[in-house]
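Worksheet: the structure to be examined is printed underneath.
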Number of protein chains: 2
Amino acid sequence: MPYDPSAFPPFAVTVDLVVLTVRRHALCALAVRRGEPPYQGRWALPGGFVRGDEDLTTAAARELAEETGLNAHDPAGPVLPNAAHLEQLATYGDPKRDPRMRVVSVAHLALAPDLPAPRPGGDARSVRWAPVEELLDQEAGYGRDGEQVTPLAFDHAQILADGVERARSKIEYSSLATAFCPQEFTVGELRRVYEAVWGVALDPRNFHRKVTGTPGFLVPTGGTTTRQGGRPAQLFRAGGATLLNPPMLRPEA
Amino acid sequence: MPYDPSAFPPFAVTVDLVVLTVRRHALCALAVRRGEPPYQGRWALPGGFVRGDEDLTTAAARELAEETGLNAHDPAGPVLPNAAHLEQLATYGDPKRDPRMRVVSVAHLALAPDLPAPRPGGDARSVRWAPVEELLDQEAGYGRDGEQVTPLAFDHAQILADGVERARSKIEYSSLATAFCPQEFTVGELRRVYEAVWGVALDPRNFHRKVTGTPGFLVPTGGTTTRQGGRPAQLFRAGGATLLNPPMLRPEA
DNA sequence: CGAATAGTGTCTGTTAGACAATATCTT
DNA sequence: AAGATATTGTCTAACAGACACTATTCG
């Protein structure tokens with residue numbers, strides 16, 4: 001089968017983003033409201049076309065910055081205050097996934113700390129953090145203002161579900177859960193991230209022993225905080241370790 | 001940023017395949033020789049254009065069948081004799097990865113048993129199973145007939161490395177290693193798969209206890225074989241379990 | 001003080017890894 | 001018999017999970 005680059009079917013290539021954060025004890029995703037058909041008025045994942053001279057990761061980082069003001073974290077560079085973890089998730093290319101034309105979407109997964117000042121691209125009413133449970137609920141779901149939330153436009157419910165599952169499994173065997181935390185955080189705050197992402201309750205004592213006993217996971221900064229109430233808690237930064245061995249075990253029930 | 005489907009940069013979309021198997025104690029990948037520029041005469045991963053009305057997975061399964069005669073395994077359907085595991089790997093879209101034009105390639109990973117009768121698409125000299133170590137060796141590597149093997153064309157060395165790493169980690173926590181085995185196999189044959197993929201030696205006694213003690217991993221067929229010499233070994237089929245919990249642990253050294 | 005969160009210590013059952021010992025084939 | 005592979009059993013150290021207990025803050 002000869003490889004003839006001049007006779008190929010025309011495709012559009014987009015990036016879509018699953019941007020996750022933990023707010024008020026719930027795992028939330030960034031959703032944008034569609035202003036035009038198809039799926040006008042429905043919520044969708046943020047995304048857009050890949051430019052002609054742009055790498056896929058670059059396009060995803062650009063969309064992320066446009067929607068949230070977050071920088072994609074560069075492992076080689078310094079740790080920025082507003083850095084989010086960004087990785088490729090999967091590619092979706094069903095011929096009928098967009099009714100207008102053939103669109104192949106390279107989905108990316110971003111994990112961000114809860115934003116002190118969320119900076120929506122333009123219209124605040126058209127961008128929101130929504131609990132993933134609400135976005136994925138197959139029964140009729142309605143957002144704050146009564147507008148229809150589910151199902152998401154296109155195949156975005158599937159993309160979101162895949163992104164959430166990726167995040168849930170990756171925090172088991174990597175230190176990625178710290179991407180949901182601010183630069184300095186307590187063991188209790190990190191535990192609440194795990195509890196929100198997995199949707200389970202963890203034993204605070206065993207969790208503390210586990211994370212502080214894993215070399216390279218957490219580095220104490222020396223400071224303490226009482227922002228959670230109770231006895232002052234030590235503050236930590238993320239350590240250099242990327243992989244957790246042995247992993248954090250996700251309870252089955 | 002309006003979503004204007006009539007004004008998108010033109011992309012070609014291809015699928016590339018990392019097809020892995022275990023032959024003579026070595027992890028091998030399918031490579032095809034390029035008959036035309038660019039990279040003429042160099043080895044590359046099999047692949048081709050996605051057709052205008054074709055799903056990405058369908059395109060990958062079609063290429064796999066064209067190159068090897070293997071069917072992609074459908075988890076819902078019956079277990080076919082010549083079925084290979086097929087999954088999406090990642091997507092590669094650097095603007096300069098193909099010197100001719102903008103090509104986005106959705107790479108897929110296939111795991112196949114050692115083929116009793118390899119059926120190359122056409123010219124037998126243009127398709128071969130090559131040890132991945134040879135294909136990825138950064139020093140000059142030369143194949144059976146003295147032709148240059150490395151580096152692979154385009155960014156295929158990176159794609160192959162990513163596929164190998166995916167396979168290495170997935171057999172840790174899933175039952176996927178059985179995809180490298182024929183329908184009936186012994187514990188020793190399964191162990192040699194792990195040893196070839198990971199490039200380590202495993203204790204036969206602890207391995208046996210581990211795999212036979214994991215519910216749903218292996219189902220005894222009742223038969224035995226002496227094809228490996230020594231005491232007759234029980235034959236097994238792959239069980240229904242997909243995830244191994246607890247996982248197989250890959251030795252560090 | 002009581003409530004809340006942080007952190008340490010102890011016990012128990014499971015499991016990985018090391019390795020002795022036995023079983024059953026081929027040559 | 002010698003050599004190869006298969007299979008079972010035993011011991012030990014590490015670790016997860018349960019949970020008693022202490023520490024330090026706020027109201």
Side-chain angles (χ1 to χ4, degrees), chain A residues 24-25 171-173 177 181 184-196 198 200-236 241 243-253, chain B residues 24-25 171-173 177 181 184-196 198 200-236 241 243-253:
Chain A
R24 288 179 268 108
H25 266 229
I171 64 174
E172 288 188 57
Y173 58 88
C181 295
E184 296 199 347
F185 53 89
T186 70
V187 171
E189 289 162 352
L190 183 62
R191 175 170 50 80
R192 280 178 273 277
V193 164
Y194 275 92
E195 292 178 329
W198 284 345
V200 297
L202 299 176
D203 186 297
R205 301 158 291 183
N206 291 336
F207 183 87
H208 189 283
R209 177 160 43 82
K210 171 73 179 176
V211 296
T212 55
T214 299
F217 193 4
L218 300 183
V219 177
T221 65
T224 61
T225 182
T226 58
R227 61 186 171 220
Q228 300 290 343
R231 168 176 166 180
Q234 288 182 66
L235 285 167
F236 295 87
L243 262 42
L244 304 184
N245 204 320
M248 292 288 304
L249 291 189
R250 166 158 44 159
E252 342 209 338
Chain B
R24 288 180 266 108
H25 266 230
I171 65 174
E172 288 189 57
Y173 58 88
C181 295
E184 295 200 348
F185 53 89
T186 70
V187 171
E189 288 163 351
L190 183 63
R191 174 171 49 81
R192 280 179 273 276
V193 164
Y194 275 92
E195 291 178 331
W198 284 346
V200 297
L202 300 175
D203 186 295
R205 301 158 292 185
N206 291 335
F207 183 86
H208 189 283
R209 177 160 45 81
K210 171 73 179 175
V211 296
T212 56
T214 299
F217 193 2
L218 299 183
V219 177
T221 66
T224 61
T225 182
T226 59
R227 61 186 171 218
Q228 299 288 345
R231 169 174 167 181
Q234 288 183 66
L235 285 168
F236 294 87
L243 261 44
L244 303 185
N245 204 317
M248 292 289 304
L249 290 188
R250 170 160 38 161
E252 343 210 337

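Order of the sequence lines fixes the chain letters, A, B, ..., with proteins taken first and strands second; residue numbering starts at 1 for each chain.
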Please list, in 5' to 3' order, the outermost nucleotides of DNA chain C lying under 4.0 Å from any heavy atom of chain B.
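Listing 5' to 3', DNA chain C meets chain B from C:dA16 to C:dC25.
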Stepwise side chain to side chain contact (heavy atoms under 4.5 Å, CB included) test for B:Glu172 and A:Tyr173:
CA-CA 12 Å; B:Glu172 288 189 57; A:Tyr173 58 88; over 6 Å; no
List the residues meeting side-chain contact (heavy atoms from CB on, under 4.5 Å) with B:Gln234, not counting sequence neighbours, and say none if there are none.
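Once residues adjacent in sequence are excluded, the partners of B:Gln234 under the side-chain contact (heavy atoms from CB on, under 4.5 Å) criterion are B:Pro220, B:Phe236.
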Full working for side chain to side chain contact (heavy atoms under 4.5 Å, CB included) between A:Thr224 and A:Thr226:
CA-CA 7 Å; A:Thr224 61; A:Thr226 58; over 6 Å; no
Counting only side-chain N and O atoms of B:His208, is one of them less than 4.0 Å from OP1 or OP2 of D:dT7?
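Affirmative; the distance criterion is met.
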A correct 5'-to-3' footprint of nucleotides 15-27 of chain D, with B, S and - meaning base, sugar-phosphate only and no protein heavy atom under 4.0 Å, is -SBBBB--BBB--
Give, for atom [atom1] of [X] and atom [atom2] of [Y], the distance between the pair rounded to the nearest 0.5 Å.
X: A:Arg205; Y: A:His208; atom1: CZ; atom2: NE2; answer: 12.5 Å
X: B:Leu249; Y: A:Asn245; atom1: CG; atom2: CG; answer: 7.5 Å
X: B:Leu218; Y: B:Thr186; atom1: CG; atom2: OG1; answer: 10.0 Å

Side chain to side chain contact (heavy atoms under 4.5 Å, CB included) assessment of A:Lys210 paired with A:Phe217:
CA-CA 10 Å; A:Lys210 171 73 179 176; A:Phe217 193 4; over 6 Å; no
Counting the atoms with a prime plus P, OP1 and OP2 as sugar-phosphate, which does A:Arg191 contact under 4.0 Å by heavy atoms, base, sugar-phosphate, or nothing?
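Since only primed, P, OP1 and OP2 atoms lie under 4.0 Å of A:Arg191, the category is sugar-phosphate.
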NA contact type, A:Arg227, heavy-atom cut-off 4.0 Å: base, sugar-phosphate, or nothing?
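No contact.
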With a sphere of 6.0 Å drawn around CZ of A:Arg227, does it hold more than 12 non-hydrogen atoms of other residues, nucleotides or ligands?
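Enclosed.
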